Amino acid sequence: MATIDKALPNVKQTLNIPGPEEVQEEQQQTLQEQVEAGKPVDVQENEDGSVDINFDPKFANPGQDEGHFANLAELIPDDILDKLGTELYTNYQDYKNSRKDWERAYINGLDLLGFNYDDRTEPFKGASGATHPVLAEAITQFQALAYKELLPAEGPVRTQIIGLPTPDKEMQAQRVKGFMNYQIMDQMKEYEPEFDQMLFNLPLSGSTFKKVYYDELMQRAVSRFVPADDLVVPYTASSLDDCESIIHMVRMSENELRKQQVGGFYRDIEVNPSYLQESDAEKKERQLEGITKGKEERIYTILECHVNVDLEGFEDSDENGPTGIKLPYIVTLEDGTRKILSIRRNYEIGDPLKKKINYFVHFKFLPGLGFYGFGLIHMIGGLSRTATAALRQLLDAGTLSNLPAGFKMRGIKMRDEAQAIQPGEFRDVDAPGGNLKDAFMMLPFKEPSPTLLQLMGVVVQAGQRFASIADLQVGEGNQQAAVGTTVALLERGSRVMSAIHKRLYAAMKKEFTLLGRVFKLYLPPVYPYDVVGGQRQIKQTDFDDRVDILPVADPNIFSQTQRISLAQTELQLAASNPQIHNQYEIYRNMYEALGVKDIDLILKKPPRPVPKDPALEHIDALASLP
């Protein structure tokens, strides 16, 4: 069994001891390639005769040269750093102010979720504060549907071969698929819960982000969920690829920052932590959660700026001298003191074009008119407000009609005439005497209006239809309907959700591409890893252009209901002409759509053809037998 350090960049492999033969042969071959290439390899012989081989990161990963990606802030004078820090902080404040209207619409829309019940005193004490759940229903149904389809239990990654398939490419594709799913579902502990949280935030704000990078402290790849209010871009930005600046706001404890400083990632300078400053959106989110801030918490706010800078002392130049072209850098500064902690190049070694390395993936619910996407708050927020107003009016009308109020005779003068009459309250009125039935007058409160109830139903149906959350009654339809009619009805009721699903599919494909780049840079030449019931391995060279990494979800099918309907349609078509259909595969597709496990135990495989004697074949042919 090989001795394995789970950290990706530092892997020790112990050879010449019992273990899988293919793993040992691969390790022997890797060692030979390292030696032939003239790369230093740390070889230590153990007492039992085995050998420990340490592939150092700078040898195993030539793409991550320490000099190219070194912290340039250690080499630049403080006066230049202070000027750059002030400029970047000013830009950050300007970018935040430019999206105030977007942030205000998001904050106001959070009230439509109905997580908090309003104790209203207007128009009377005890008036209904209920919120219609049409928006909350749309968000939760989308989140449940997308989570199930995009992140199955087996893992979200599949692969496909670029070019002509060969046995070598097929084995490479299997290795990449197994390793990516192993990392995402087993090693990257944050991926699944943060992906679930992202799918809830996405239909709310319309935009969310994932940040894919290599974490120096955890020594592995990570894919973090970044809320839209934590990532700021310029007013003129239209996409992550062409915007001049991306500023990611990161909150960090004092101990975590100290770890980064001791590890050499940040400058070891004194930075005083400031008190936690929450944005208006964060305050509203905490309020909906029912959480209130207690004592003041001292914490760092780090601004990670992915910007283009003409850095003094590191200018872009040609044979004629400095060109004045700004180069991509990652500049990190602390929000309170505006002190720069690190400056690192953000382009690959040897890249003549010096294109920036992108670490962020933009997930959009609906494409907006600019950088940010539109969410359900923007699209059906007005319908949700209308449905809430109609619901409250109906409830208030029922309250007033069930608890009548009015006047009773007492004299001529009425007491407290400026105050509103509460349900069930009778106010004293001074009037001349008379019959007892004439001493009371009920206020003319009406019963809840059927017209208002019908109007609320129309509004709710419009919101549900837009959000594609109306229940698809698959089993209640006409079983004798034409196949084309069934497919057309299914497609018509799912157009919006299908388009959203394709956008998520494209964003996840980009995320997996960024993850593949991280593995390609930080993996050792051969990385063995343990799975349940066996041991596998991945090669650093497997992450090349011969294999494409894709989400396992089908971009054209977004729900099990749709999958079952299509499989049922296939079954109907095959039943009409079974001679030209493969019945085994059709029934297998139906079982897979239903999510049945161990299909091979249920479905009999067709028998393999048995070679027949040529003489018997001739006899059958003469008899016109198949």
Side-chain angles (χ1 to χ4, degrees), residues 18-26 28-29 152-155 157-182 479-484 486-487 528 531-539 541-542 544-550 552-557 560 562-626:
E21 294 183 1
E22 62 274 10
V23 175
Q24 292 190 13
E25 291 177 0
E26 194 63 48
Q28 296 276 10
Q29 182 182 356
E154 297 81 12
V157 176
R158 67 181 175 92
T159 53
Q160 69 178 10
I161 297 172
I162 304 298
L164 295 175
T166 62
D168 184 44
K169 288 184 180 180
E170 291 176 356
M171 292 179 62
Q172 176 183 348
Q174 288 296 325
R175 288 195 299 268
V176 171
K177 174 185 174 182
F179 178 75
M180 292 279 290
N181 286 323
Y182 161 76
Q479 300 297 325
Q480 304 301 322
V483 171
T486 304
V487 175
V531 295
V532 178
Q535 188 184 60
R536 298 178 183 175
Q537 64 175 350
I538 188 72
K539 302 178 184 178
T541 56
D542 285 340
D544 55 17
D545 296 333
R546 301 195 307 171
V547 174
D548 198 7
I549 305 172
L550 302 171
V552 72
D554 189 338
N556 300 310
I557 299 177
Q560 188 176 16
Q562 188 181 16
R563 192 177 294 107
I564 292 174
S565 298
L566 293 177
Q568 211 168 25
T569 303
E570 289 179 1
L571 201 60
Q572 293 177 8
L573 287 172
S576 64
N577 196 346
Q579 290 79 14
I580 62 173
H581 289 86
N582 188 337
Q583 297 293 327
Y584 172 79
E585 290 297 332
I586 290 172
Y587 276 96
R588 186 176 184 87
N589 289 343
M590 188 67 193
Y591 281 121
E592 288 178 352
L594 293 171
V596 177
K597 297 181 179 179
D598 300 326
I599 301 176
D600 293 332
L601 300 178
I602 302 173
L603 202 59
K604 290 183 179 180
K605 289 186 178 181
R608 293 184 177 180
V610 179
K612 188 181 291 188
D613 185 85
L616 295 178
E617 286 187 354
H618 293 162
I619 295 173
D620 290 342
L622 292 173
S624 300
L625 295 177

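In what follows, every heavy atom counts, from backbone to side chain, and hydrogens, waters and symmetry copies are set aside. None of these values were measured; they are calculated from a predicted model.
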According to the salt bridge (Lys or Arg N to Asp or Glu O under 4.0 Å) rule, which pairs have a member within residues 568-586, sequence neighbours left out? none
For Ile602, check side chain to side chain contact (heavy atoms under 4.5 Å, CB included) against everything at least two apart and list the hits. Tyr591, Val596
With side chains defined as the heavy atoms from C-beta onward, is the minimum distance between Gln160 and Val547 less than 4.5 Å? no
Look up atom CG in Leu573 and atom CD in Gln568, then write down how far apart they are to the nearest 0.5 Å. 11.5 Å
pair Arg158-Asn181: side-chain heavy atoms closer than 4.5 Å: no
Quick one, Leu566 and Met590 - any side-chain contact, counting heavy atoms below 4.5 Å? no
First locate atom CD1 of Ile161, then atom OG1 of Thr166, and finally report the distance between them rounded to the nearest 0.5 Å. 6.5 Å
First locate atom CG of Leu603, then atom CZ of Arg588, and finally report the distance between them rounded to the nearest 0.5 Å. 7.0 Å
Set out, in order, the CA-CA distance, both residues' side-chain angles and the distance that settles side-chain contact (heavy atoms from CB on, under 4.5 Å) for Thr159 and Leu550, then state yes or no. CA-CA 6 Å; Thr159 53; Leu550 302 171; over 6 Å; no
Which residue pairs satisfy the salt bridge (Lys or Arg N to Asp or Glu O under 4.0 Å) criterion with at least one member in residues 160-182, sequence neighbours excluded? Asp168-Arg546, Arg175-Asp542
Measure the shortest side-chain to side-chain distance between Asp545 and Ile162 over non-hydrogen atoms and say whether it is less than 4.5 angstrom. no
The reported gap from CD in Glu617 to CG in Leu622 (rounded to nearest 0.5 angstrom) is 12.0 Å
Can you find a pair of side-chain heavy atoms, one from Phe179 and one from Arg536, that are under 4.5 Å apart? no
Show your reasoning for whether side-chain contact (heavy atoms from CB on, under 4.5 Å) applies to Ile549 and Val176. CA-CA 8 Å; Ile549 305 172; Val176 171; 4.0 Å; yes
